[in-house]
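Report on the structure given below.
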Amino acid sequence: MSEAATAAGAPTRAHRAGLFARSGGVLTLIFVGPFLLYVAAFLILPTLMLLATAFSGAHGFTWRYVGELDQAQTLIAFRNSIELSAASALVGLVIGALAAYFVMRPGMPRGLGSLVTTFSAVAANFAGVPLAFAFIATLGSLGVITVWLKSIGIDLYGAGFRLYSILGLVIVYAYFQVPLMIIVITPALEALRKQWREAAENLGASSVDYWRYVGLPILLPSLLSAYILLFGNAFSAYATPYAISSGIVALVPVEISNVLSGNVMLSPQTGAALAFGMILVMVAVMGLYALIARQVGRWARP
Amino acid sequence: MGYLEVEGVAKSFGPAKVLSDVSLALEEGEFVSLLGPSGCGKTTLLRIVAGFEEPDRGTVRLAGTEITAEPPAKRQMGMVFQAYSLFPNMTAEENIRFGLKVRRVDANEQAERAQELLELVGLMQHRGKYPHQLSGGQQQRVALARALAIRPLALLLDEPLSALDAKVRVQLREEIRRIQQETKVTTIFVTHDQEEALSISDRVVVMHQGQLSQVGTPAAIYGEPDNIFVARFVGAVAELPAEVVDGTEGIVELFGRKVRAARAQGMAAGTRIYFLLRPETVRVGPEGANGGLDGTIAGRTFFGALTSLRIELADGHGSVTTAMPSDQAGELTPGARVSVSWADDAPRILRRE
Ligand SMILES: Nc1ncnc2c1ncn2[C@@H]1O[C@H](COP(=O)(O)OP(=O)(O)O)[C@@H](O)[C@H]1O
Ligand SMILES: [Mg+2]
């Protein structure tokens, strides 16, 4: 019986496979084609134009603008941007992951999870001038929390705190970094199987053993890519720091805006060179990520 | 006193009563299967033994010590789950060593023990593979080895074969039995597959709606079911309604005729009973043969070595299934009129409410 079925079924299957292969090419083109076009139009083309601008002077090709990236002021902006992004990504990563974990624990009220996810989806996108003013109104030198803390004897600004400092910006950025982390890490946490935890317990593992040998190693690839996402998110933030620090803390996106709007000087080429520098930083960060991800994700590869 | 004892255990989840007053004792080194339909509470009972659930009432004792309140990590029991329980970030060998590692066992000893177990389950050449690089059957072997590595006081398996395909399932269950006999570890094996339970257990516990329906050797469970649920759940059976006529001689009335049934001896006259026939005890002869029940063959199923016939009894008296060697089933095709008979001591007799 089964032999007959196979004999009859085989050609049909082969035929179908052929059909799919052919229509597959068309389908792929229909769905992936526009995406590739989109990428070309809005990512590759602008990048090329950016490069062209960064490397062209009055008399054609020049190293001048990219060469000027090593000026002290520019280097400080890059260092600030990288430090701020690294620190705020770390804060978002740790707080966001812990928050997502505790929200998902069994025994939490029903609906809390979706409430937190919904709030996160909104908060993660609440950046820019409104967020900056919200913080100036609370943690600014005359903000309500600052004033209230002072009234009970805690003088933030007297102790050296400034909202328009790297630390201040890390706190402000947490407002969108933590929710973004919650959104991206929740699926990874949900993918941790109950059996792994129970098998570990059954074999004599403590909670610490479980997280050290099983939970965290399994999450590590997700944590790494979340970190990169948060880093990039902070690295490219512009409106928030611009509104808060109004140039007191030098950051690359703010510098770009300065040279494009003519606040200090008008030089699209310098702006393009700065943007080129940002691309180089992201490429370096992602290269590092790829190296580490290869190591920590070894077990998931076929 | 048993080695692993469950006494008076009850468990509800909210309003749903999942186990009621379950008591069970295993001898040291015994292999006991929990058999029952899905949802009858097998997993819950096993999880109570493992410590993952706390019973509402009752106790669990292991080697004379009460462990009802001990956390799973302290019980020294090895558990094998249905599937996907291996740590995906560890190789087969690292999985097996895990229990020893968290016990801070010396690395050399870990390696030796892992080697022993890899050999025991025949996976030496796959020791460096990650779970997703192993087949389902290999993964379950690793899970078994991992559970045994800690030299568990008891081995608990929750439908470890149900996610595997038929051939691997049979192979692996025989291997589980072999390994259990080599290691002599006291074992509880949960399954909903009666063939699995009957083929590898010292004793089988049939569960039904949160209670133990019958506990006995595989032969007793199959051959001497205590109640109609067990008779129906374990193996095929024809149930014919009958009534005891003479308890001393063992005579019952079946569809208006008096037949001899050895097992009806000692029952009071007038007792309503089920007259139960297992397929292999049913004989098929020509229509009208002396003492048989007449009927018509209504279905025929070929199983390779055996062929099964479903015989519709005359006058709407229900149907009987028989299984016979295929080479003897030649002329017995659907539509043929036959009579069925059996030896006097073949029918099992159960009281009918
Ligand atoms: N944690 C739980 N919460 C609520 N109900 C449960 C839980 N675990 C099991 N049950 C219910 O208890 C019954 C028995 O489940 P289980 O022990 O898994 O049965 P089995 O393993 O025999 O299929 C089922 O009806 C199941 O839905
Ligand atoms: Mg179950």
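Just so it is clear: chains get the letters A, B, ... in the order the sequence lines come, proteins before strands, and each one is counted from 1.
For a residue to count as touching a neighbouring chain, one of its non-hydrogen atoms must lie under 4.5 Å from one of that chain's; by this rule B:R146 touches chain A with backbone and side chain alike. For chain A, the nearby part of B:F52 is the side chain; its heavy atoms alone come within less than 4.5 Å. Neither the backbone nor the side chain of B:R75 has a heavy atom closer than 4.5 Å to any heavy atom of chain A. Interface remark: A:A200 contributes backbone and side-chain atoms alike to the contact with chain B (heavy atom separation under 4.5 Å). Within the 4.5 angstrom heavy-atom criterion, only side-chain atoms of B:K101, from C-beta onward, approach chain A. Only the backbone of B:L86 comes within less than 4.5 Å of a heavy atom in chain A; its side chain stays farther off.
At distances below 3.5 Å, at least one donor-acceptor pair connects side-chain atoms of A:N202 with backbone N or O atoms of B:M79. A donor-acceptor pair is defined here as one N or O able to donate and one able to accept, closer than 3.5 Å; such a pair exists between the side chain of A:Q195 and the backbone of B:A83.
Closest of all the heavy-atom pairs between B:A73 and A:A205 is CB-O, 3.9 Å. Nearest approach of A:W196 to B:S85, heavy atoms of both residues: CD1-O, 3.5 Å. The shortest non-hydrogen separation linking B:Y130 to A:R298 is OH-CZ, 4.1 Å.
A salt bridge does not link B:R103 with A:D209: none of the charged nitrogens is closer than 4.0 Å to a carboxylate oxygen.
Summarising the local packing, CZ of A:R110 is surrounded by 12 or fewer heavy atoms from other residues, nucleotides or ligands at distances under 6.0 Å. Residue A:R212 qualifies as open at atom CZ: its count of foreign heavy atoms under 6.0 Å is 12 or below. Within 6.0 Å of atom CZ in A:F31, 12 or fewer heavy atoms from other residues, nucleotides or ligands are found, so the atom counts as exposed in its surroundings. Within 6.0 Å of OH on A:Y101 lie more than 12 heavy atoms contributed by other residues, nucleotides or ligands.
Counting heavy atoms from C-beta on, the side chains of A:W299 and B:P131 never come closer than 4.5 Å. Between A:S206 and B:V102, the closest side-chain pair of non-hydrogen atoms is not below 4.5 Å.
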Stepwise side-chain contact (heavy atoms from CB on, under 4.5 Å) test for A:V214 and B:M90: CA-CA 8 Å; A:V214 184; B:M90 296 181 203; 3.8 Å; yes
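Distance check: B:F81 CZ to A:K194 NZ gives 8.5 Å after rounding to the nearest 0.5 Å.
In terms of heavy-atom pairs under 4.5 Å with chain A, the best-connected choice from B:H132, B:R47, B:K74 is B:H132.
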